[in-house]
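Take a look at the structure below.
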Amino acid sequence: DPAVRVITPMTGAAIGLGALALGWLIYDGLNRSPLANRPPLLAAAAFLTVVAFAYGFQQVFSGRAAMLHTGAVIATWMTGNVFLVIIPNQKKVIASLLKGEAPAGIPFTETTKTITVVNPDRLKRFIFPLEKHFVDREVVHWGALHGIIEMIEGGVTTFTDMYYFEEEVARAARLAGMRGVLGQTIVNFPAPDTPEPYGGIALARRFITTHRGDPLITPALAPHAPYTVEPERLREIAKLAEELDAPVLMHVAEMTDEVAALRRDHNLTPVGHLAAAGLLNRRLVAAHCIFVDDADIALLASSGAGVAHALVANIKSAKGVAPVTRMMAAGVRVGLATDGPMSGNTLDVIGQLGYVAKVHKLDRRDRNVMPAVDVVALATRGGARALHLEDRLGSLEAGKVADVIIVDTDSTAMVPLHDPYSALVYAASPRDVRTTVIHGRVVMEDRRILTVDAAAVRTRMRTLTDRINAALAKGLPP
């Protein structure tokens with residue numbers, strides 16, 4: 001029954017001394033017993049005593065935090081600081097990263113050629129048809145597993161996903177040992193996993209019921225967006241979320257035509273539209289929120305809704321910069337996100353950090369906004385707050401789950417190291433993450449994934465990609 005998570009120098013020393021004392025008692029007991037005339041036994045006891053004592057100290061001072069299989073942190077060295085345990089050989093143990101909305105179902109698009117779409121209706125003209133013809137259980141499972149491996153390699157320990165066949169994403173997450181807040185997508189047209197419009201509502205109910213109580217999976221409802229779910233269905237989903245006490249994940253205020261349509265048809269902003277439908281509350285995690293005004297920000301703050309800030313995907317598509325500095329000042333629960341790989345190409349949070357710091361400085365014309373320490377907080381505690389999981393996640397504190405990553409600061413870009421926050425934001429890359437621990441389980445050590453065969457997953461992804469590319473070369477049917 002796991003009970004320990006991060007061992008600090010003091011705890012490690014105590015373990016070493018305890019092991020020494022126990023070994024001495026064994027040695028002394030043997031020496032006083034009739035077995036004292038058997039030198040091999042005495043020698044073995046003495047040897048084990050020395051080994052146990054040395055091991056206790058080695059675990060703390062050799063450059064690795066000693067981690068025992070458990071789910072909770074029982075001690076910290078610098079409680080309340082993001083960088084909580086400093087290890088001598090230039091490695092830092094930090095609170096792990098949490099990322100917001102990032103559909104992992106089709107990451108085979110990560111490195112494909114970027115298509116510039118002049119028509120703003122990219123979803124209906126390109127994305128939805130591609131999903132209709134190619135997304136099935138196999139694609140979702142292997143795509144999710146591939147994306148989860150990338151996230152683990154980049155130090156992510158909790159992710160939020162909204163997609164189709166969400167039970168396959170959950171299965172992949174459990175295989176890899178990753179924590180996820182996973183939402184079954186609901187749309188007003190036939191989807192890859194249901195032939196009926198709004199069939200996702202029944203699928204979501206079943207998904208939530210099946211996965212309730214899972215230590216790694218938090219099941220959720222995921223109405224896609226205000227423009228793909230009618231108001232009466234939004235009200236139905238709000239009631240279902242209350243009944244099941246389940247999170248709601250949704251794209252909100254992401255596009256100008258979304259804002260214009262809601263203003264024209266309902267005289268409301270997207271945030272006001274969700275408030276009218278009963279969805280704007282602590283259960284909601286709203287992705288993007290680019291086009292929000294001061295009244296919307298006040299509503300987001302007072303409702304307790306979370307916001308997933310997907311800056312890099314948003315600037316890649318030239319949509320705009322969400323007013324996150326104003327949201328933070330108002331007390332909105334904001335965390336960082338990558339968006340899906342079809343929008344942002346990667347699922348790498350560390351690569352987002354420098355953009356978040358620099359773009360907000362440029363947007364505000366103020367070099368003092370978004371300091372590195374605030375960016376790190378957005379990637380850790382901010383994500384936990386956006387998901388309303390800050391009592392369990394986001395920092396290394398006694399009583400919280402043991403999510404830990406070890407970042408190597410000996411790479412060329414990280415030397416010299418003056419300020420760890422600035423180094424992480426402006427210099428680090430996901431390849432600097434050496435070890436990832438999720439819920440007390442080491443899922444990657446020294447860059448090697450321990451829970452699944454990453455090479456086999458890449459091979460399967462190449463096979464799926466070749467199949468899809470061959471079909472695309474023939475053209476999509478109408």
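Quick note: residue numbers are just sequence positions, from 1. Side chains are part of it too, since the values below use all heavy atoms of this structure and drop only hydrogens, waters and symmetry mates. Keep in mind that this is a model prediction, so the values were computed, not measured.
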task = Start with the C-alpha gap between Leu450 and Arg441, add the side-chain angles, then the distance that decides, and say whether side-chain contact (heavy atoms from CB on, under 4.5 Å) holds.
result = CA-CA 10 Å; Leu450 303 181; Arg441 181 185 186 188; over 6 Å; no

key: Test item: His141 side-chain N/O and Arg137 main-chain N/O as donor-acceptor pair under 3.5 Å   = no

Asn314 side chain to Ala310 backbone, donor-acceptor under 3.5 Å = yes

message = Using every non-hydrogen atom in the two residues, find where Arg447 and Glu153 come nearest and quote the distance to one decimal.
response = NH1-O, 2.7 Å

query = Tell me the side-chain hydrogen bond (donor to acceptor under 3.5 Å, both in side chains) pairs involving residues 291-305, sequence neighbours left out?
reply = Thr269-Asp296, Asp294-Arg326

query = Distance from Asp161 atom CG to Met151 atom CE, nearest 0.5 Å?
reply = 7.5 Å

remark   = Separation between CG (Leu347) and CD1 (Ile149), nearest 0.5 Å, reads 11.5 Å

message = Measuring only between side-chain heavy atoms, which start at C-beta, is Pro190 closer than 4.5 Å to Lys132?
response = no

inquiry  = Applying side-chain contact (heavy atoms from CB on, under 4.5 Å) to Leu240 and Glu243, what does each step give before you reach the verdict?
reply    = CA-CA 5 Å; Leu240 183 59; Glu243 173 193 337; 3.8 Å; yes

inquiry  = Is there a side-chain contact between Leu362 and Arg365 in this structure, where contact means two heavy atoms from C-beta onward sitting under 4.5 Å apart?
reply    = yes

Other residues, nucleotides, ligands: >12 heavy atoms within 6.0 Å of Tyr355 OH = no

note = When every non-hydrogen atom of Met178 is compared with those of Ile152, the smallest separation belongs to CE-CG1, 3.7 Å

remark   = Minimal heavy-atom distance between Thr185 and Val187, with the atoms involved, is CG2-CG1, 3.9 Å

message = With a 3.5 Å distance limit and no angle check, can you tell me whether Asp466 reaches the backbone of Thr463 through a side-chain donor-acceptor pair?
response = no

query = Counting N and O atoms only, with roles assigned by atom type, does the side chain of Arg364 sit under 3.5 Å from a partner on the main chain of Lys361, one being a donor and the other an acceptor?
reply = no

task = Taking the side chain as every heavy atom from C-beta outward, state whether Leu182 and Phe207 have any atom pair closer than 4.5 Å.
result = yes

ask   = Would you call Pro223 and Arg233 a side-chain contact if the rule is heavy atoms closer than 4.5 Å?
value = no

ask   = Can you name the closest pair of heavy atoms from Glu138 and Arg460 and give their distance?
value = OE2-NH1, 3.5 Å

message = side-chain contact (heavy atoms from CB on, under 4.5 Å), that's the test. Do His360 and Met328 meet it? Break it down for me.
response = CA-CA 12 Å; His360 282 289; Met328 293 168 64; over 6 Å; no

key: Side chains of Leu472 and Leu130 in contact at under 4.5 Å (non-hydrogen atoms)   = yes

key: Euclidean distance, Arg263 CZ relative to Leu268 CG, rounded to 0.5 Å   = 7.0 Å

ask   = What is the distance from atom CD1 of Ile237 to atom CG of Leu221, rounded to the nearest 0.5 Å?
value = 6.5 Å

inquiry  = Determine whether a donor-acceptor pair (N or O, by modelled atom type, separation under 3.5 Å) exists between the side chain of Lys319 and the backbone of Thr256.
reply    = no

message = I'd like to know if the side chain of Asp403 reaches the main chain of His439, judged simply by a donor and an acceptor atom lying under 3.5 Å from each other, with no hydrogens or angles considered.
response = yes

key: Non-hydrogen side-chain atoms of Pro231 and His266 separated by less than 4.5 Å   = yes

request  = Kindly compute the distance separating CG (Asn345) from CG (Asp339), expressed to the nearest 0.5 Å.
outcome  = 10.5 Å

ask   = Under 30°, 30 to 60°, or over 60°: which ring-plane class applies to His288 and His251, parallel, tilted or perpendicular?
value = parallel

request  = Take Leu464 and His146 through the side-chain contact (heavy atoms from CB on, under 4.5 Å) test and state the conclusion after the steps.
outcome  = CA-CA 12 Å; Leu464 289 171; His146 183 57; over 6 Å; no

inquiry  = Keeping Glu445 on the side-chain end and Thr435 on the backbone end, is there a donor-acceptor pair under 3.5 Å?
reply    = no

ask   = Under a 4.5 Å cut-off applied to non-hydrogen side-chain atoms, are Glu131 and Tyr163 in contact?
value = yes

ask   = Does atom CZ of Arg212 have more than 12 heavy-atom neighbours, drawn from other residues, nucleotides or ligands, at distances under 6.0 Å?
value = yes

key: Whether Thr218 side chain and Val181 backbone form a donor-acceptor pair below 3.5 Å   = no

ask   = Any idea how Tyr227 and His224 line up, ring-wise: parallel (<30°), tilted (30 to 60°), or perpendicular (>60°)?
value = perpendicular

ask   = Do Tyr426 and Lys358 touch side chain to side chain, with heavy atoms closer than 4.5 Å?
value = yes

ask   = Just one of Leu336, Ile290, Val332 clears the side-chain contact (heavy atoms from CB on, under 4.5 Å) bar with His309, so which one?
value = Leu336

message = Quick check against the 3.5 Å criterion: does Glu242 have a side-chain atom that pairs as donor or acceptor with the backbone of Lys239?
response = no

query = Can a donor-acceptor pair be found between the side chains of Gln184 and Asp193 at a distance below 3.5 Å?
reply = yes

message = Test: salt bridge (charged side-chain N to carboxylate O under 4.0 Å, His left out). Region: residues 272-283. Which pairs qualify, not counting sequence neighbours?
response = Asp245-Arg282, Asp245-Arg283

request  = Mind listing the closest non-hydrogen atom pair of Leu203 and Thr194 along with its distance?
outcome  = CD1-CB, 4.0 Å

key: Nearest atoms (heavy-atom pairs only) where Thr436 meets Gly155   = OG1-CA, 4.0 Å

ask   = Could you give the distance from CG (Asp348) to OG1 (Thr338), rounded to the nearest 0.5 Å?
value = 8.5 Å

Check: Arg392 side chain, Val401 main-chain N or O, donor-acceptor pair, under 3.5 Å = no

